[in-house]
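See structure below.
Bear in mind that the values here come from a model prediction, so they are computed numbers and not experimental data.
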Amino acid sequence: MKKEDVKYGAYVQILKEELVPAMGCTEPIALAYAAAKAREVLGEKPDKVRIGASGSIIKNVKSVIVPNTDHLKGIPAAAAAASLPTPEKSSHCETRH
């Protein structure tokens, strides 16, 4: 496919619209988002959240403050995001080492 092809331009445009740069905390925020999404789907706060995570997620979650958790870090903090009313509120983070 050549850069001049219409399909090429369409693919590039889709990528520009859909790809968003990660801010260095995608793993724990993915957990927080999943927990918040579970709440949204259930229509209420879950009684229990069970998380299975790879070693990479466990390693990376240690230095990230999970938003809306009063500056907590780690998998339990990310799961605590299940109390958020909407998953969109778990989309930002900051890192502290």
Side-chain angles (χ1 to χ4, degrees):
M1 183 179 303
K2 297 181 181 179
K3 288 185 179 183
E4 297 79 26
D5 290 346
V6 174
K7 279 187 182 180
Y8 180 88
Y11 290 145
V12 169
Q13 186 59 38
I14 290 169
L15 290 173
K16 284 181 180 179
E17 291 173 11
E18 297 296 328
L19 294 178
V20 178
M23 301 305 284
C25 61
T26 55
E27 293 90 349
I29 299 311
L31 295 177
Y33 182 83
K37 191 67 175 174
R39 179 197 167 121
E40 180 183 75
V41 169
L42 292 170
E44 62 186 8
K45 192 173 177 181
D47 293 332
K48 182 174 159 180
V49 177
R50 183 174 176 185
I51 297 173
S54 70
S56 296
I57 289 176
I58 293 168
K59 176 182 70 75
N60 292 336
V61 77
K62 290 180 181 180
S63 64
V64 174
I65 295 170
V66 180
N68 301 310
T69 61
D70 200 25
H71 291 77
L72 298 176
K73 299 178 184 178
I75 291 174
S83 64
L84 298 173
T86 61
E88 288 72 27
K89 292 200 176 190
S90 56
S91 62
H92 302 290
C93 66
E94 60 181 278
T95 329
R96 300 271 163 109
H97 297 281

| task | Give the minimum heavy-atom separation between I58 and A53, together with the two atoms involved. | result | CD1-O, 3.9 Å

| field | Q13: partners by side-chain hydrogen bond (donor to acceptor under 3.5 Å, both in side chains), with sequence neighbours left out | value | E17

| Other than Y8, which residues form its hydrophobic cluster under the rule that side-chain heavy atoms must be closer than 4.5 Å? | M1, Y11, V12

| message | Please determine whether the number of non-hydrogen atoms from other residues, nucleotides or ligands lying under 6.0 Å from atom CG of D5 exceeds 12. | response | yes

